[in-house]
Number of protein chains: 2
Amino acid sequence: MFVEIVLIGIIVSTHRWKICYIRLAHNIMAGGRKLEFNKQQALEAAMHVFWKKGFLGASLADLTEGMGINKPSLYAAFGNKESLFVQATEHYLNTYAKPKNEHLYHTGTPLRERLRNYLLAILSGQCDEDNPKGCYVSLCVAEAAGETMPAQAQNTISQAGNYAQALLTEFLQTDDEAKALQLDQEAESIALFLVTTVNGTAAMARAGKGYAELETVIDRALTGIGLPADTRPPVSDQDRC
Amino acid sequence: MFVEIVLIGIIVSTHRWKICYIRLAHNIMAGGRKLEFNKQQALEAAMHVFWKKGFLGASLADLTEGMGINKPSLYAAFGNKESLFVQATEHYLNTYAKPKNEHLYHTGTPLRERLRNYLLAILSGQCDEDNPKGCYVSLCVAEAAGETMPAQAQNTISQAGNYAQALLTEFLQTDDEAKALQLDQEAESIALFLVTTVNGTAAMARAGKGYAELETVIDRALTGIGLPADTRPPVSDQDRC
DNA sequence: CGAATATTGTACCGATCGGTATGTTTGTAG
DNA sequence: CTACAAACATACCGATCGGTACAATATTCG
């Protein structure tokens, strides 16, 4: 048995002396009871609850039930509801949102097809039967505008809301094929239009529309930015309408 | 002074005898204190609160503060929160949503211009500085999908959500110019696309985008349904991009 | 085995939720 | 004036909100 002093915090003051919080530990090397749940799985479950009900609508009872743990475990593992929301949002972005960007950069595929695959992948996620309908970010951005959310949560979701448009703008400004088609001239406007479209399909999917119906929306959107289905070279794999 | 018996309710029972609630009134003709608020103005204010915060996010404290009355007055005038929401939703539809349909039926105006005016009128409402940003219905439909709303409120907002698409479909199927352009063949699909677009702009407006930016979205959407700005006859009043 | 540590379940906290009972005020009718 | 009715303001109700204190239970180390 030994004694050790661990510094765990400093209060910054304007005076010469600082106050330090210290902890006295009699036995630094000692285990404890093991976590009875998988933290990643619990975070995934929390994400699903927020995805379905939003920040306000997701009560701690909903969360703990969905995650299969109880409140003290939740607070020990994730801080509080706001912190859990921030982590769930980041998990959503990393796990669900960002992987879909790869469709944009798939070499050897024509621009229109890459954009179409990208948009359809997003749409597919919005209509997936295994997840809540619609888009996590779109839902929570709408909620955040009501000024009903704590500050950090609002900041996080606000950043997430700007992510897609910034990425698409950057993409359209730098992609060779996009430049050849002079889409880079209006990159911001086109990106805004596409992001508006997927926010629209998110709303429609959440309202109950299915993938098959909304697929036609994507094709009309591509027509809207000057990339109709039967473009000049007849190398298109399909031509509808 | 006289006495009168007024029947105000019957409890239906499975037995031969029914229990009736009666009220004894000594003086049927007697006034009372006057309402100190305008019911329509109060409903308008409630609508604004729901528009900004949604059903769940709008607490009774928010509502009574916005409406300038206190809780007992609210319950006397509108029933309860759910009933107030239903009435506020109907008020929104009658006052804000439906009047915009007139742009569609304006005789002597080309189809594209009518559609454009209709869509821009909606967009204008979504970006109006004097109202909460976005669309009341779009917000609450998204909220309703989380199953956090009472049954009647959910029904009302669900009906409201289907309204625009049904109207646009009917319009495209019957309008002469639309039929001449064969838009009636795909009326449902086109209506779905347009409704998706305005739901998208509602989300973007709520996220902070302004009218000027989103105006370009409307023009691209019209291009998406085969009505580009510079259509065959050069009678168009403007040609951008 | 204890001693120390971390997680668990339960039971509880103050605040706020939607909703209401109650007494006072303001109005009308006789 | 008195009798009555309707709306007002206050204060309160049980339920639920997010968040925690606490004791019991595992787990690791000496």
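Residue numbers begin at 1 in each chain, while the letters A, B, ... track the order of the sequences. Treat the numbers as computed from the prediction; the structure is a model and nothing was measured.
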Q: When you look at CD of B/Glu188, are more than 12 heavy atoms from neighbouring residues, nucleotides or ligands closer to it than 6.0 Å?
A: no
Q: Could you check which of D/dC17, C/dG18, D/dG18 has an atom nearest any side-chain atom of A/Ala61?
A: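 The nucleotide sitting nearest to the side chain is D/dC17.
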Q: I need the CD1-P distance between B/Ile69 and D/dA7, as an integer number of Å.
A: 11 Å
Q: Of the nucleotides C/dT8, D/dC8, C/dG18, which has the atom closest to the B/Phe37 side chain?
A: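 The closest nucleotide is D/dC8.
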Q: If you pin B/Glu82 and B/Glu36 to their nearest nucleotides in DNA chain C, which one's is more 5'?
A: B/Glu82
Q: Between B/Asp62 (CG) and C/dG18 (C1'), how many Å, whole number?
A: 13 Å
Q: Under 6.0 Å between ring centres: does that hold for B/Tyr136 and B/Tyr96?
A: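 No, the ring centres sit 6.0 Å or more apart.
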Q: Which part of the nucleic acid does A/Ala58 contact within heavy-atom distance under 4.0 Å: base, sugar-phosphate only, or nothing?
A: sugar-phosphate
Q: Find the distance A/Lys71:NZ to C/dT7:P and express it as a whole number of Å.
A: 19 Å
Q: Check whether any side-chain N or O of A/Lys34 sits under 4.0 Å from OP1 or OP2 of D/dT28, and answer yes or no.
A: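 Answer yes for this pair, as a side-chain N or O of A/Lys34 is under 4.0 Å from OP1 or OP2.
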Q: Can we say B/Arg116 and B/Glu215 salt-bridge, meaning some charged N sits less than 4.0 Å from an Asp/Glu carboxylate O?
A: yes
Q: If you assign B/Arg33 and B/Pro72 each to the DNA chain D nucleotide with the nearest heavy atom, which residue ends up on the more 5' nucleotide?
A: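 Nearer the 5' end of the strand: B/Arg33.
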Q: Over how many whole Å does the gap from B/Glu65 atom CD to C/dG18 atom C1' extend?
A: 17 Å
Q: Measure from the side-chain heavy atoms of B/Leu35 and tell me the nearest of D/dC8, C/dC17, C/dG19.
A: D/dC8
Q: Within the pair A/Ser73 and C/dT7, is there a side-chain N or O less than 4.0 Å away from OP1 or OP2?
A: no
Q: Given atom CE of B/Met67 and atom P of D/dA7, what is their separation to the nearest angstrom?
A: 14 Å
Q: Rounding to an integer number of Å, can you tell me how far B/Leu60 CG sits from D/dT10 C1'?
A: 16 Å
Q: Does B/Asn70 place a side-chain N or O at less than 4.0 Å from the phosphate oxygens OP1/OP2 of D/dA9?
A: yes
Q: Is any NZ, NE, NH1 or NH2 atom of the basic residue among A/Lys52 and B/Glu147 found under 4.0 Å from an Asp or Glu carboxylate oxygen of the other?
A: yes
Q: What is the separation between atom CE on B/Met149 and atom P on C/dG18, rounded to the nearest whole Å?
A: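 These atoms are roughly 13 Å apart.
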Q: Could you tell me the separation between the NZ atom of B/Lys81 and the P atom of C/dG18, rounded to a whole number of Å?
A: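 Going from B/Lys81 (NZ) to C/dG18 (P), I get 4 Å.
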Q: Do NZ/NE/NH1/NH2 and the carboxylate oxygens of B/Glu44 and B/Lys39 come within less than 4.0 Å?
A: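 A salt bridge is absent here (no side-chain N lies under 4.0 Å from a carboxylate O).
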